[in-house]
Amino acid sequence: MLSGLIAAVLPAPLILPYLTHLGLLLPAVLLRRPAPTRACGARWRPRRPAIPHVVRRAFALAILTIVFSWSLLGLFLSLAPSLAERLGRTTSTAMGGGVVALMLVTSALAQMHAGRLAPVRAKVLGLCTMAAGLALLAGAVGARNLPLLVVAAVTAGAGQGTGFTGALAGLTVVTPAPIRGEVFSAAYVVAYFSLSVPVLGVGALAEQVGLLSAVAWFASLATMGSLGAVPVVHLAGTATEGDGDRSRDGIGDGHSPAVSGVPPTYPPHDEEGRPAGTP
């Protein structure tokens with residue numbers, strides 16, 4: 001929203017928003033804190049993203065939700081300003097920035113609430129809400145209705161935040177601490193591909209059929225995909241992670257690692273994710 005307002009009312013709209021955000025980053029750089037040292041004295045070293053066998057099933061279930069949530073996020077981040085201009089018949093960058101900001105704020109608020117839910121429930125609720133947001137987006141494009149686009153942004157943001165939080169929480173439940181860094185790194189690699197690749201496809205399609213038609217096609221297909229993923233996530237997720245109410249990490253009662261920061265207790269594992277002592 002800030003970038004949109006700056007571009008709308010100040011000169012150099014392609015320069016000043018970036019300089020403003022660089023200025024806002026300076027306090028974070030100047031006031032940074034050194035990383036805490038490990039009690040065991042071991043040196044930190046980077047690790048490659050990996051998906052050990054012990055978490056592959058849970059990883060696949062998490063990725064199913066992450067792909068939809070980040071694809072939706074990428075669509076709004078990249079194309080919502082253009083959609084707002086088309087539907088509102090305006091060239092105001094503040095309008096487009098406001099739609100994006102509304103989606104992101106709603107997502108952040110949803111993440112705060114989703115931490116209290118069991119991971120499977122959060123993923124299912126997120127997928128259903130994302131499907132509703134995508135359907136509203138398709139309706140907004142079809143009806144050329146800007147207010148409906150705003151409602152779609154709020155609904156999509158709520159679904160994106162809820163589903164993504166549930167996916168990470170579910171992955172936390174089943175991933176042993178020694179390999180959590182590699183597993184979550186792999187999840188974010190897939191997430192960023194999901195953020196960029198689908199919207200590139202929408203852009204390529206827009207060259208052929210127009211922006212509004214391309215977005216309508218994407219929204220329609222993604223709606224069906226999100227709804228189709230719900231039974232898979234619910235049934236397989238319950239078998240893998242449990243129902244959440246009595247999970248070993250307290251997911252669902254506000255005491256999960258994703259909520260409280262208290263690490264779960266696991267038997268020792270090696271760097272490949274196998275129990276220590278496994279030949």
Side-chain angles (χ1 to χ4, degrees), residues 1 3-4 62-88 94-115 117 119 121-169 190-203 205-206 211-230 233:
M1 179 179 286
S3 296
I63 288 303
L64 189 59
T65 305
I66 288 172
V67 165
F68 283 108
S69 63
W70 280 61
S71 298
L72 179 60
L73 178 63
L75 181 74
F76 270 88
L77 290 179
S78 58
L79 297 180
S82 297
L83 290 174
E85 289 182 9
R86 298 284 185 91
L87 302 185
M95 177 67 71
V99 173
V100 174
L102 195 58
M103 191 262 190
L104 294 175
V105 169
T106 307
S107 174
L109 294 175
Q111 291 178 44
M112 295 171 61
H113 173 72
L117 302 176
R121 293 177 184 174
K123 285 184 284 189
V124 169
L125 179 60
L127 286 167
C128 292
T129 310
M130 281 188 280
L134 287 161
L136 288 169
L137 176 61
V141 170
R144 306 295 196 272
N145 190 302
L146 180 60
L148 192 56
L149 175 65
V150 174
V151 176
V154 173
T155 307
Q160 193 274 337
T162 302
F164 181 57
T165 300
L168 292 187
V190 177
Y192 279 105
F193 270 105
S194 303
L195 182 77
S196 55
V197 173
V199 77
L200 289 175
V202 175
L205 182 60
L211 176 62
L212 298 184
S213 296
V215 170
W217 273 104
F218 174 87
S220 300
L221 293 174
T223 298
M224 292 185 290
S226 297
L227 292 176
V230 168
V233 169

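Residues Leu77 and Leu104 have side chains in contact (heavy-atom distance under 4.5 Å, counting atoms from C-beta outward). In this structure, the side chains of Pro81 and Val100 come closer than 4.5 Å at one or more pairs of heavy atoms. Here the side chains of Phe68 and Leu134 are not in contact, with every heavy-atom distance at 4.5 Å or above. Looking at Thr165 and Leu117, their side chains never come closer than 4.5 Å, going by heavy atoms from C-beta outward. Contact of the Trp70 side chain with the Gln160 side chain is registered, since non-hydrogen atoms from C-beta on lie closer than 4.5 Å. Within the 4.5 Å cutoff, the side chain of Met224 has heavy atoms near those of the Leu221 side chain. Residues Leu83 and Leu149 are in side-chain contact: their nearest non-hydrogen atoms beyond the backbone lie under 4.5 Å apart. Counting heavy atoms from C-beta outward, Leu195 and Ser71 have side chains that stay 4.5 Å or more apart.
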> Going through the checks in order, is the side-chain contact (heavy atoms from CB on, under 4.5 Å) test met by Phe218 and Leu137?
Replying inline: CA-CA 10 Å; Phe218 174 87; Leu137 176 61; 5.7 Å; no
>> Please determine whether side-chain contact (heavy atoms from CB on, under 4.5 Å) holds for the pair Leu127 and Leu227, giving the CA-CA distance in whole Å, both sets of side-chain angles, and the decisive distance to 0.1 Å.
In response: CA-CA 7 Å; Leu127 286 167; Leu227 292 176; over 6 Å; no
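The main-chain N or O of Met103 is never found under 3.5 Å from a side-chain atom of Ser107 such that the two would form a donor-acceptor pair. A donor-acceptor contact shorter than 3.5 Å is absent between the side chain of Thr155 and the backbone of Ala152.
Here the closest non-hydrogen pair linking Gly161 and Gln111 is O-CG, 3.4 Å. Across every non-hydrogen atom of Thr162 and Gly126, the tightest pair is CG2-N, 3.9 Å. Residues Thr65 and Gly163 come closest through the heavy atom pair CG2-O, 3.4 Å. The two residues Phe193 and Pro198 make their nearest non-hydrogen contact at O-CD, 3.6 Å. Here the closest heavy-atom approach between residue Gly139 and residue Leu148 is recorded as C-CD2, 3.6 Å. In terms of heavy-atom proximity, Leu212 sits nearest to Arg144 at CD1-NE, 3.2 Å.
Note that CG of Leu125 and CE of Met130 are 9.5 Å apart. Values are rounded to the nearest 0.5 Å. Separating the CG atom in Leu211 from the CG atom in Leu205 is a distance of 10.0 Å, to the nearest 0.5 Å. Interatomic distance, Phe164 CZ to Leu72 CG, rounded to the nearest 0.5 Å: 13.0 Å.
In this structure Ala138 satisfies the side chain to side chain contact (heavy atoms under 4.5 Å, CB included) test together with Ala219, Ser220, sequence neighbours excluded.
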